[in-house]
Enquirer: 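Below is one structure. I have some questions about it.
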Amino acid sequence: MEYEIVIGMEIHVELGTQTKIFCACPTEFGAEENTHTCPVCLGMPGVLPVLNEKVVEYATRTGLALNCEIAHYSKMDRKNYFYPDLPKAYQTSQFDLPICTGGVVEIDVDGVTKEIGITRIHIEEDAGKLLHESSEGTLVDVNRCGVPLVEIVTEPDMRSAEEAKIFAEKVRNILEYTGVSDCKMQEGSMRFDVNLSMREKGSLVLGTRTEMKNLNSFRALVRAVHYESKRQILELKKGHRIIQETRKWDDTKGTSSALRSKEEAHDYRYFPEPDLVPIIIEEDYIAKIKANLPELPEAKKRRYIKEYKLPEYDAGVLTATGILATFFEDAVAVYNEPKQISNWLMVEIPPLLKEKELAMENISITPVQLVELLKLVKNNTISGTSGKEVLKVMFDTGKNPGDIVKEQGLAQMSDTVELEAIIEKIVAANPKSVEDIGSGSDKAYGFLTGQVMKATKGQANPQVANEIIRAVVAKHLG
Amino acid sequence: MELNQKTIHEINDLLKKKEVTVTEVTQSVINRIDGVEGSTDAYLRLQSEEALNLARIVDEKLKARKKISPLEGIPYGLKDNLCTQGILTTCASKMLYNFNPPYNAHVYNLLIEEGGILLGKTNMDEFAMGSSTENSAYKVTKNPWDLNKVPGGSSGGSAVAVASDTAFFTLGSDTGGSIRQPASFCGVVGMKPTYGLVSRYGLVAFASSLDQIGPFTKDVEDCALVLNAIVGHDEKDSTSLNIEKKDYTKNLKQGVKGLKIGVAQAFFGEGLQPEVRKSLEDAIAVYKAMGAEIVDVSFQYLDYALSAYYLISSAEASSNLARYDGIRYGFRAEEYDGLVDLYRKTRSQGFGEEVKRRIMLGTHALSSGYYDAYYKKAMQVRTLIKDDFDQVFKGCDVLLTPTSPTTAFGIGEKTNNPLEMYLTDIYTVPVNIAGIPGISIPCGLDQVGMPIGMQLLGPVLSEKTILKAAWAFENETNYKNLKAPLGREV
Ligand SMILES: [Zn+2]
């Protein structure tokens, strides 16, 4: 029997608001433990939450970017459970009336476009973190408590790890573009839960699913889907039934284990949050946010193809992240050579970033600096090969390419008088080569060019050198 | 008459005329506290020294100035569920025995700005759950009219402080009658304003959608003065109403001629003590004589109010009180084995019986499989009761009812019968469910000399009409001048 994987996802995304969802504490990542706190996010007795309007705005933006309906009336609810990282012992979330419903995201899988349905998006607050390493026992860091999140819930529309990954990347791309989140996976700004079940290929009935919690990278997502689908197939082949349960992925071991079964699932006792008023969103508000949405990746890609005459592949790569697209656009704005910029951005820059273990957002050169370099290459001041070396130095030192070229004497020798003198000498010293050329073998040209480059320590402009060699040889043969 | 026996507006007059000093006024209250607090146990914590220091500071300020605001230099008490920075706030619970809030309740900040003088924190039923103040983890407060009787609850300490002249006013909280019922039992004025009129920031939550802070005072004019100080929008409380401030003393003494006063059979049902019924009938006659129009009104769903109230309030309480887990502040069990055991032991030992009963009731009402039958249905009833009141107030301006079916009962009399205890709130809970304002004022004494209270209710934000009706009755009758015999019989 052939099996088919059925995947639905829940994506938690931390919104990039300056302050927390219910208090004025900063949301900034990486602060000293328990310094971004106040009585409200500490859940002290008698304090009350006030909903950060920016959270509603960002959630609305998220919803619109993912083609959702925005609810004119939604409300917050309490999700009750005990855990030391949850000071109020309830998470303020949304239950039956989320802010966004019914969206869709298009993904490209092997050249075929596929629609992934978005069931809902709701607003909620993040919990704190437990620190188990301490010798004093387990400690709580409350800094993350009350950092605003949206939870994006999809329909079970994905059929492979690859689709799940492409979808997740697409969502990250869109959210990053929309400016609602930095989507930094390593800081936990974006986390995935995967609901996975298996069924006989062609069947319309869904199998029993498991839920895999807190996958913190695309790699973990792909590995967890592979692992879980294999595990389920194995169980089914043994004639076992899949148990509906929550599982925890261990990325170091590359395995998952059962966390709790359906019977052990928490009863969250949701009920409407009485300390907050309903969220009423007017049509004007939605229209205004819609009008101010930035250009999304899909549209940007189409524009690059049309406006900059870039191949579809280039346009796809350049628009894959907002940061890269912005870099490209800043460069092309001051230097109208889109294809040259694209080539360097796609081919030369990524290995350097990788070598330095830098993300694109932390790149140490500016678009203007890159353009300066590309101009030097384009007008033959330096060779392409030298250009790559200059780029490396730029990465290391942050210096301007012009200065580097000067310092290292990399400018090409295009001075024909000087070159002619050198070439005369070389041709005269190699009569055998002239003879070979005379008898119809062009190979000797290569040898002569090599000699010229050697003599000029690589600074001769190869094109110019070539022309002069031919002229001088012709003269000798003459 | 001793200074401490006077009202806020009387003291304010004397201070204006510079006939007394704030220090003298404060000292007089402290003397009274020294005399009777041992018998009444109204306060959980007193700060006489601080109060006198503050009094001297206010005196200094007043020397140089003619103007004096109504609550300036007036000693008062706060229910112990109102957060006071630097002063323990325990909610009369072992759970918060050492809790020192790093912030003030919004109302406390307002009273500090007004120049009021905080005397201490008053006793209450633990986390405001109860109708007799017997559920305090620390002490039982006694009714100054008869020390063997309860003062009502949950704001019993606040009611007794005003009734026994150990404060000019106090603040309490009213979730289902916790201001009005003890006001009635102790023969003082107690008001629950419209939900959202007074900020709940810093009021330790019992049931968030029902809780409202309000004053206990010696007369209606004082009630209006305190209301003027504590009402107002607060952006820290999302449920706080953003409306223009009113002067509640304005037109207070306008009279009730032509006012339509509704009387509903639903509030004169089974279990109503005959003297209470008689007092209310007398009150109706007084209003008629003053030119008010008495109209019969009726309710459809009031019978379900008490059940709905206990489901909604307990459900919210089960969530509001979940944060008391021994992790970050307050009580933690001494010995435990792991996290779950820490939770279990801390909460078993830290909470009293009634609180645990309500948490369990509320948890059950919200549980999957029971939610629809209990919580959801209760919320539907809530809507029906609101509609009921809306209908009723189409036919009348205010509604006159007894505050409680009976006068104060004996200490220990109902502690073993929670349901009977709950029934003492039967006339007050519908008001919280509807979110409307209500006042309780004295309207007589029963056969054994215990105070009887009557309740005046009105639609949302009708505080001024209610106060006007209350003042007219108070002014026409002599019940305001009846004082608890405590300490005076000898
Ligand atoms: Zn905070």
Side-chain angles (χ1 to χ4, degrees), chain A residues 21-24 34 37-53 75-92 95-96 128 130 132 137-142 145 262-263 265-280, chain B residues 81-83 89-91 95-96 99 101-106 127 196 199-205 207-211 234-240 312 315-316 318-330 339-340 342-343 347 362-371 375-376 379:
Chain A
I21 184 167
F22 299 127
C23 62
N34 296 314
T37 61
C38 73
V40 173
C41 55
L42 282 168
M44 302 283 260
V47 297
L48 295 169
V50 177
L51 182 61
N52 181 347
E53 275 177 50
K75 65 174 171 74
M76 304 303 293
D77 298 277
R78 289 188 187 177
K79 178 181 181 180
N80 295 282
Y81 65 95
F82 285 94
Y83 206 62
D85 67 4
L86 192 67
K88 293 180 293 186
Y90 56 81
Q91 179 191 29
T92 308
F95 183 52
D96 55 339
L130 292 190
H132 296 286
T138 300
L139 298 174
V140 192
D141 177 11
V142 190
C145 275
K262 190 188 173 192
E263 286 70 34
H266 294 299
D267 180 357
Y268 290 121
R269 307 188 310 279
Y270 279 100
F271 75 102
E273 166 60 275
D275 286 330
L276 290 167
V277 290
I279 302 168
I280 310 289
Chain B
N81 57 356
L82 292 165
C83 287
T89 300
T90 68
C91 295
M95 194 57 106
L96 290 177
F99 181 63
Y103 45 88
N104 284 335
H106 184 68
F127 285 106
S199 166
R200 292 184 293 116
Y201 191 88
L203 163 68
V204 180
S208 314
S209 74
L210 302 160
D211 295 342
D234 174 17
E235 56 187 23
K236 297 191 299 306
D237 176 358
S238 307
T239 62
S240 158
I312 295 166
E316 291 182 9
S318 73
S319 173
N320 283 332
L321 273 65
R323 68 187 64 191
Y324 308 116
D325 56 8
I327 302 287
R328 294 166 310 281
Y329 50 77
L339 180 65
V340 173
L342 162 66
Y343 286 154
R347 290 170 65 81
T363 303
H364 187 65
L366 290 174
S367 299
S368 72
Y370 297 96
Y371 182 89
Y375 183 78
K376 198 173 164 194
M379 290 302 273

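All chains are named by letter (A, B, ...) in the order of the sequence lines, taking the proteins before the strands, and each is independently numbered beginning at 1.
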Enquirer: For A:Pro272 and B:Tyr371, which heavy atoms make the closest approach, and how far apart are they?
Expert: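 In this case the closest contact between A:Pro272 and B:Tyr371 is CD-OH, 3.8 Å.
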
Enquirer: Considering only heavy atoms from C-beta outward, does the side chain of A:Arg269 approach that of B:Tyr375 to under 4.5 Å?
Expert: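 The answer is no, as the side chains (C-beta and beyond) never meet within the 4.5 Å cut-off.
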
Enquirer: Does any backbone or side-chain atom of A:Tyr90 lie under 4.5 Å from a heavy atom of chain B? Answer side chain, backbone, both or neither.
Expert: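 Looking at A:Tyr90, just its side chain touches chain B.
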
Enquirer: Do you know which of B:Leu203, B:Leu210, B:Ile327, B:Leu342 has the most heavy-atom pairs with chain A at a distance under 4.5 angstrom?
Expert: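 Top option by heavy-atom pairs under 4.5 Å: B:Leu203.
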
Enquirer: Give the member of B:Arg328, B:Glu235, B:Lys376, B:Lys236 that has the highest number of heavy-atom pairs under 4.5 Å with chain A.
Expert: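 Most heavy-atom pairs under 4.5 Å with chain A: B:Arg328.
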
Enquirer: Under a 4.5 Å heavy-atom cutoff, which of A:Cys23, A:Ala89, A:Gly43 has the most pairs with chain B?
Expert: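 Of the candidates given, the most pairs with chain B belong to A:Gly43.
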
Enquirer: Find out whether A:Val40 and B:Tyr201 are in side-chain contact, i.e. whether some heavy atom of one side chain is under 4.5 Å from a heavy atom of the other.
Expert: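 Heavy-atom side-chain distance check passes, below 4.5 Å.
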
Enquirer: Looking at B:Ser367, is its backbone amide N or carbonyl O close enough to the side chain of A:Asp267 to form a donor-acceptor pair, meaning the two atoms are under 3.5 Å apart?
Expert: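 No, A:Asp267 side chain to B:Ser367 backbone: no donor-acceptor pair under 3.5 Å.
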
Enquirer: Need one label for A:Tyr270: side chain, backbone, both or neither, based on atoms under 4.5 Å from any heavy atom in chain B.
Expert: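 The backbone, not the side chain.
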
Enquirer: Looking only at heavy atoms, what is the nearest atom pair of B:Ser238 and A:Val277, with distance?
Expert: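 For B:Ser238 and A:Val277, the tightest heavy-atom pair comes out as O-CG1, 3.6 Å.
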
Enquirer: Atom OG in B:Ser318, atom CG in A:Asn80: separation rounded to 0.5 Å?
Expert: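 Between atom OG of B:Ser318 and atom CG of A:Asn80 there are 6.0 Å.
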
Enquirer: Which heavy atom of B:Arg323 sits nearest to which heavy atom of A:Pro87, and what is that distance?
Expert: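 Closest pair (atom of B:Arg323, atom of A:Pro87, distance): CB-O, 3.4 Å.
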
Enquirer: Let me know if B:Thr363 has heavy atoms under 4.5 Å from chain A in its side chain, its backbone, both or neither.
Expert: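 Both the backbone and the side chain of B:Thr363 come within 4.5 Å of chain A.
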
Enquirer: Using atom types as modelled and distance alone, determine if a side-chain donor or acceptor of A:Arg78 lies under 3.5 Å from a backbone N or O of B:Ser319.
Expert: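 Pair absent, no side-chain N/O of A:Arg78 close to backbone of B:Ser319.
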
Enquirer: Side chain, backbone, both or neither: which part of B:Asn320 has an atom under 4.5 Å from a heavy atom of chain A?
Expert: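 B:Asn320 touches chain A through backbone and side-chain heavy atoms alike.
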
Enquirer: Which atoms of B:Leu339 come close to chain A, meaning under 4.5 Å heavy atom to heavy atom: side chain ones, backbone ones, both, or neither?
Expert: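 Side chain only.
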
Enquirer: Pick one of side chain, backbone, both or neither for B:Tyr370, based on which atoms fall under 4.5 Å of a heavy atom in chain A.
Expert: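 Contact with chain A is absent: no heavy atom of B:Tyr370 under 4.5 Å.
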
Enquirer: With side chains defined as the heavy atoms from C-beta onward, is the minimum distance between A:Pro45 and B:Tyr329 less than 4.5 Å?
Expert: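 With C-beta onward as the side chain, the pair touches.
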
